[in-house]
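One structure is given here, and the rest of the page talks about it.
As a basis for the values below, the full set of heavy atoms in this structure was taken, side chains included, without hydrogen atoms, waters or symmetry mates. Naming convention: chains lettered A, B, ... in sequence-line order (proteins, then strands); numbering from 1 in each chain.
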Amino acid sequence: MCPHPNIASTAFLIADPARASMLMALVEGHALPAGELAYAAGVTAQTASAHLAKLLAGGLVEVEAEGRHRYYRLGGSHVALLLENLASVTPLNRPRVRPLSADAQKLRFARCCYDHLAGQLGVAVTQALERRGVIVAGADKQFEVTAAGIEWFGRMGLNVPDLQPTRRGLARQCLDWSERQHHLAGPLGVQWMNLLCTNGWLRRVKATRAVQVTPQGWVWLKDQLGIEGRQGELTHDA
DNA sequence: CTATACCAAAATTTGTCGCT
DNA sequence: AGCGACAAATTTTGGTATAG
């Protein structure tokens with residue numbers, strides 16, 4: 001008898017190529033209708049519907065009916081984490097997607113990943129902080145804030161010693177799925193994101209996970225972190 | 001033999017349009 | 001507004017194919 005029937009059934013659900021494609025299409029956090037997921041997996045709507053029913057029963061996805069569409073999303077951040085970890089050890093075949101929509105491009109550029117900054121911009125900002133000695137990559141998938149870094153964050157209005165680490169630490173290294181590099185997460189990542197928004201440098205786009213840089217934001221990014229660009233792309237990052 | 005995946009066709013559900 | 005016809009998205013059903 002298998003001593004871990006639960007993980008076996010979860011692994012079985014993910015192991016099917018069609019289901020894996022649908023899950024990876026959802027990993028960016030967008031909810032997608034069944035038809036879109038069928039396209040992503042390269043199967044017909046009927047087949048996709050059967051797969052989605054299994055994923056739903058297994059708790060890997062949730063569904064929300066809106067009109068005649070049924071929007072599926074991942075069953076939670078733990079599912080996203082599981083998939084991102086799998087993707088990090090496997091050569092990634094990007095799921096088939098419709099010619100990259102404007103929305104998808106915005107998400108790839110900058111988005112919030114469970115309340116911290118991710119995407120191209122998230123990675124660029126994290127790397128700029130490292131280059132400036134504000135944070136250093138430490139053991140256990142954590143970033144450590146240097147003494148100079150504590151001072152630097154303080155000048156920005158973020159008092160690092162006040163932050164409470166969670167079980168998973170204070171400044172976690174989160175693997176960015178689209179960029180395949182780390183960005184800053186954990187309580188520090190969350191407060192950092194809040195700070196960028198409350199100072200008017202970043203703006204969250206309503207009803208999506210996309211994030212926009214404001215005109216003042218671009219000025220600030222260039223002055224403080226040496227990051228240059230315009231809406232939707234980075235032109236210089238050093 | 002059994003389990004699982006696939007697809008075609010039919011059924012179901014919901015939104016939209018034109019008419020009174 | 002209420003009604004019916006039609007369109008679109010999705011699910012259900014039934015049959016076939018394939019792997020172990």
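The residue A:Ala34 sits close only to the backbone: its heavy atoms come under 4.0 Å of sugar-phosphate atoms, none of a base.
Per the geometry, CG belonging to A:Leu13 stands 14 Å off C1' belonging to B:dA5, to the nearest Å. We find that NZ of A:Lys54 is positioned 7 Å from C1' of B:dA5, with the value rounded to whole Å. Whole-Å rounding puts the A:Glu36 CD to C:dT10 C1' distance at 14 Å. Put simply, CG on A:Leu32 is 15 Å from C1' on C:dT10, counting in whole angstrom units. A straight line from CD of A:Gln46 to C1' of C:dG15 spans 13 Å, rounded to a whole angstrom. The nearest whole Å value for the distance from the OH atom in A:Tyr39 to the P atom in C:dT10 is 16 Å. The nearest whole Å value for the distance from the CZ atom in A:Arg70 to the P atom in B:dT12 is 16 Å. Rounded to a whole Å, the CD1 atom of A:Ile14 is 17 Å from the P atom of B:dT4.
Side-chain proximity of A:Arg19 to B:dA5, C:dT11, B:dC7: nearest is B:dA5. You'll find that the side chain of A:Ala18 is closest to B:dC6, out of B:dC6, B:dC7, C:dT10.
Each of A:Asn159, A:Leu163, A:Leu129 was checked for a side-chain contact (heavy atoms from CB on, under 4.5 Å) with A:Phe153, and the lone residue meeting it is A:Leu129.
The closest donor-acceptor contact from the side chain of A:Thr146 to the backbone of A:Ile135 lies at 3.5 Å or more, if one exists at all. Within the 3.5 Å criterion, the main-chain N or O of A:Ala45 finds no donor-acceptor partner in the side chain of A:Ser49.
Considering only side-chain N and O atoms, A:His51 lies under 4.0 angstrom from the phosphate OP1 or OP2 of B:dC6. The shortest distance between the side-chain N/O atoms of A:Thr47 and the OP1/OP2 oxygens of B:dC7 is below 4.0 Å.
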Original post:
Yes or no on side chain to side chain contact (heavy atoms under 4.5 Å, CB included) for A:Leu13 and A:Leu23, after CA distance, side-chain angles and deciding distance?
Top reply: CA-CA 10 Å; A:Leu13 285 173; A:Leu23 289 170; over 6 Å; no

